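Structure record follows, encoded as structure tokens.
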Amino acid sequence: MRWLLHLDMDQFIVAVEVLRRPDLAGKPVVVGGDGDPSRPRQVVASASYEARAFGVRSGMPLRTAARRCRDAVFLATDHAAYDAASATVMDTLRSFDVPVEVWGWDEAYFGGDVADPFRLAREVRAAVLAATDLSASIGIGENKLQAKIAAQYAKPGGIFQITFGSWPGLMSERPVSALWGVGPKTAKKLDALSLRTVGDLAACDPAVLLPVFGPRMTAWLPAAAAGHGDVSLSTEPWVARSKSRETTFPTDLTDPSLVASHVAELAAGLTSEVVLDGRLVTHVAVKVRFAPFFTYLRSMKLREGATADPSVVSAAALLVLEKFALDRPVRLLGVRVDLLLPGVGDGEGAVGATGGD
DNA sequence: TCTGGGGTCCTAGGACCC
DNA sequence: TCTGGGGTCCTAGGACCC
């Protein structure tokens, strides 16, 4: 029988920090930004269960977190540490004889044709704990959606199984937002159609969805609500489609020449990084967030085709920047470069598509 | 709750071509 | 010629996730 399992590390970022600071175990810990909650424009990346008990949530401003939980210990985010811990977790998972599909720092799908998924889950959980001292929860399902949701039921540190048989009993009364892929906007649109629970959505006539959602969503929503999901496992290493970097300034930028130099630097820096991975840049996008919070994105395909030249990309980024009227204080600047997929020609330089009939 | 950073995918409209 | 029926490319924006 084919089983999909989902490994989900428990409060991963905080857990990695506590490994380095064992004295913090069992305490309210909040990780985010530079770890200084007195500075504005920083948010919570991860909060320990003890901090969550005070209402601290990821995405919340650090200042708010500090107000809600006076005794919390605040720590700066340390991507390199999470990268390293994640690599150990995934290597451990890959040491089992099953396909593994990594989903970010702290999640992975695995499994396939396994006789005893609970046994596999127990062994994986024990191996991860032994290798990293980190706790994982594991969901078992007949597809990825079921496995992913099962992992939430398994938290913390447990194993939980969902099947088509148990799905309605577990999910029918839950809000549509419990489904992976249904966010606040979609939930609101569904609410306007009086579709509030997963059960409502599973039983609805797709014809009522079609005017509000596109054909894809219309097909997907009721299927997901009935517990259907992807059963494939791709072991292909993840290939980035794009790479971006953005900065929120502690105080707004008002000098357009500073804005321009910052954009040029971001673009050149990103290009240098992706070139190290043997990638070429095809498009460049510039993101500007004006005070108080108006965000715009403008982009351009590189006229000269895919390039590895940082100066070409930064010149293009400046061209894109000209699409903005920089007449207001700038709160955030970002640059994204889109990457040529390896093994794909970009058409530039290809001979004579002169065609015609 | 004055609201980060890094990603992916989908849709829609306009330009342009045959 | 006052008007069609595709198709593709490009950009903007929306939505979602961790």
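The chains referred to below are lettered A, B, ... by the order of the sequence lines, with proteins before strands, and numbering in each begins at 1. Only a predicted model underlies this, so the values are computations on that prediction, with no experimental measurement involved.
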*If you draw the axis of the six-membered ring of A/F213, does the NZ or CZ of A/R216 fall within 45° of it and under 6.0 Å from the ring centre?*
no
*Round to a whole Å and report the spacing from CG of A/D83 to C1' of B/dG7.*
14 Å
_Base-pairing assignment for C/dC17 (Watson-Crick or G-U wobble, both under 3.5 Å)_ = B/dG6
*Within the stacking criterion (centroid distance below 5.5 Å, interplanar angle below 30°), does A/F293 stack on B/dC2?*
no
*Give the minimum heavy-atom separation between A/T132 and A/L19, together with the two atoms involved.*
O-CD1, 3.3 Å
*Given that A/V43 and A/R68 both sit by DNA chain B, which one's nearest nucleotide is further toward the 5' end?*
A/R68
*Is the phosphate of B/dT3, meaning OP1 or OP2, less than 4.0 Å from a side-chain N or O of A/T248?*
no
*Could you check whether A/W238 gets within reach of a base, just the sugar-phosphate, or nothing at all, counting any heavy atom under 4.0 Å?*
sugar-phosphate
*How does protein reach along nucleotides 11-18 of chain C, written 5' to 3' as B (base within reach of a heavy atom under 4.0 Å), S (only sugar-phosphate), or - (no contact)?*
SSS-SSSS
*Going through the checks in order, is the salt bridge (Lys or Arg N to Asp or Glu O under 4.0 Å) test met by A/K188 and A/D191?*
CA-CA 5 Å; A/K188 196 173 174 189; A/D191 185 82; over 6 Å; no
*CZ of A/R67 versus C1' of B/dT1: gap in Å, rounded?*
8 Å
*asked:* Rounded to whole Å, how long is the line connecting atom CD of A/E246 with atom C1' of B/dG5?
replied: 5 Å
*Show your reasoning for whether side-chain contact (heavy atoms from CB on, under 4.5 Å) applies to A/L280 and A/L339.*
CA-CA 6 Å; A/L280 298 175; A/L339 306 175; over 6 Å; no
*Classify the nucleic acid contact of A/A240 as base, sugar-phosphate or nothing, counting any heavy atom under 4.0 Å across all strands shown.*
sugar-phosphate
*Round to the nearest Å and state the distance from A/R39 atom CZ to B/dG4 atom C1'.*
13 Å
*Residue-phosphate contact under 4.0 Å: A/R289 side-chain N/O, B/dT3 OP1/OP2*: no
_Could you check whether A/D8 and A/S137, counting side-chain N and O atoms only, form a donor-acceptor pair closer than 3.5 Å?_
no
*Whole angstrom is fine here: how far is it from CG in A/L266 over to P in B/dG5?*
11 Å
_Side-chain heavy-atom pair A/L170, A/F160 within 4.5 angstrom cut-off_ = yes
_When the C1' atoms of C/dG4 and B/dC17 are compared, how many Å lie between them, rounded to an integer?_
14 Å
*Look at the side-chain N and O atoms of A/R63 and state whether any lies under 4.0 Å from the OP1 or OP2 oxygen of B/dT3.*
no
*Would one find a side-chain N or O of A/K243 under 4.0 angstrom from OP1 or OP2 of B/dG7?*
yes
*B/dG7 P sits how many Å from A/R245 CZ, rounded?*
7 Å
*asked:* Looking only at the side chains, is there a donor atom on one of A/S48 and A/E50 sitting less than 3.5 Å from an acceptor on the other?
replied: yes
_Counting only side-chain nitrogens and oxygens, does A/R41 get under 4.0 Å of the OP1 or OP2 atom of B/dG5?_
no
*Under-4.0 Å side-chain N/O to phosphate OP1/OP2 contact, A/R241 with B/dT8*: no
*Given atom OH of A/Y82 and atom P of B/dG5, what is their separation to the nearest angstrom?*
15 Å
_Residue-phosphate contact under 4.0 Å: A/S244 side-chain N/O, B/dG5 OP1/OP2_ = no
*Give a yes/no on whether any side-chain N or O of A/T77 is located under 4.0 angstrom from OP1 or OP2 of B/dG4.*
no
*Once the angle between the rings of A/W105 and A/F12 is folded into 0 to 90°, is it parallel (under 30°), tilted (30 to 60°) or perpendicular (over 60°)?*
tilted
*asked:* Could you tell me how far apart A/F290 (CZ) and B/dC2 (C1') are, to the nearest whole angstrom?
replied: 18 Å
_Let's see if you can work this out: which of B/dT8, B/dT1, B/dG5 has an atom nearest to the side-chain heavy atoms of A/T64?_
B/dT1
